[in-house]
Amino acid sequence: MSVTSDIVASWRHPRRVIASHLARGRSEPFAFSLLVVFLVLAFVAQWPRLSRQSVLGPDVPLVQGMVATGLALLAMIPVFYLLAAISRGVAMLLGGKGSFYSARLALFMALLAVSPLMLLHGLTLGFTGSGAQSLLVGGLAFAAFAILWIVMLIEAETWS
């Protein structure tokens, strides 16, 4: 399945998507590629906001904001790995049979699945700036991520 098909399918059948990835066997490059695709999309989602900021406040050029955002996203890679490890530890305490790989895969796939909402959030920030609209879209994106991640993690913890 392609990544775009996985994103669409994750909204309807998240357990089936994560199960199909786990059935393929362990592949760290595949899991990391899901994270990289998410980071690229998260970076693209920031462009409208950065463009708005550079027009309204020309003291920070657009390129400088883009470089800072890109470096910040790259710095988040260890945080995502740590978050997956913590979730695996919690699942272990609750009797999960998965692995650290399955926890990473569940987190990275949930992040990737919510990327269309992140793109919408970026557009909202670009058009309206900070406000109720962007807060609503951001809250919806976070809620969708949390639900997808929990569902995928529960499925991943049934695999041994």
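Sequential numbering from 1 along the given sequence is applied to the chain's residues.
Taking NZ of Lys97 as the reference point, atom OG1 of Thr158 lies at 7.0 Å (rounded to 0.5 Å). To the nearest 0.5 Å, atoms NE2 (His121) and OG (Ser115) are separated by 14.5 Å. Distance CG/Leu35 to CZ/Phe80: 6.5 Å, rounded to 0.5 Å. Separation of atoms OG (Ser134) and CZ (Arg49) is listed at 11.0 Å; rounding is to 0.5 Å. Distance CG/Leu41 to CD/Gln46: 11.5 Å, rounded to 0.5 Å.
Aromatic ring orientation, Trp47 versus Phe43: perpendicular (interplanar angle above 60°, classes split at 30° and 60°).
In this structure, Arg24 satisfies the cation-pi test against Phe30, with its NZ or CZ atom closer than 6.0 Å to the six-membered ring centre and inside 45 degrees of the ring normal.
No chain of hydrophobic side-chain contacts below 4.5 Å, direct or via other Ile, Leu, Val, Met, Phe, Trp or Tyr residues, connects Trp149 to Val151.
Arg15 CZ: more than 12 foreign heavy atoms inside a 6.0 Å radius.
A donor-acceptor contact closer than 3.5 angstrom links the side chains of Ser5 and Ser2.
Aromatic pair Phe100/Tyr81: centroids not less than 6.0 angstrom apart.
Arg16 and Glu155 are not joined by a salt bridge, as no carboxylate oxygen comes within less than 4.0 angstrom of a charged side-chain nitrogen.
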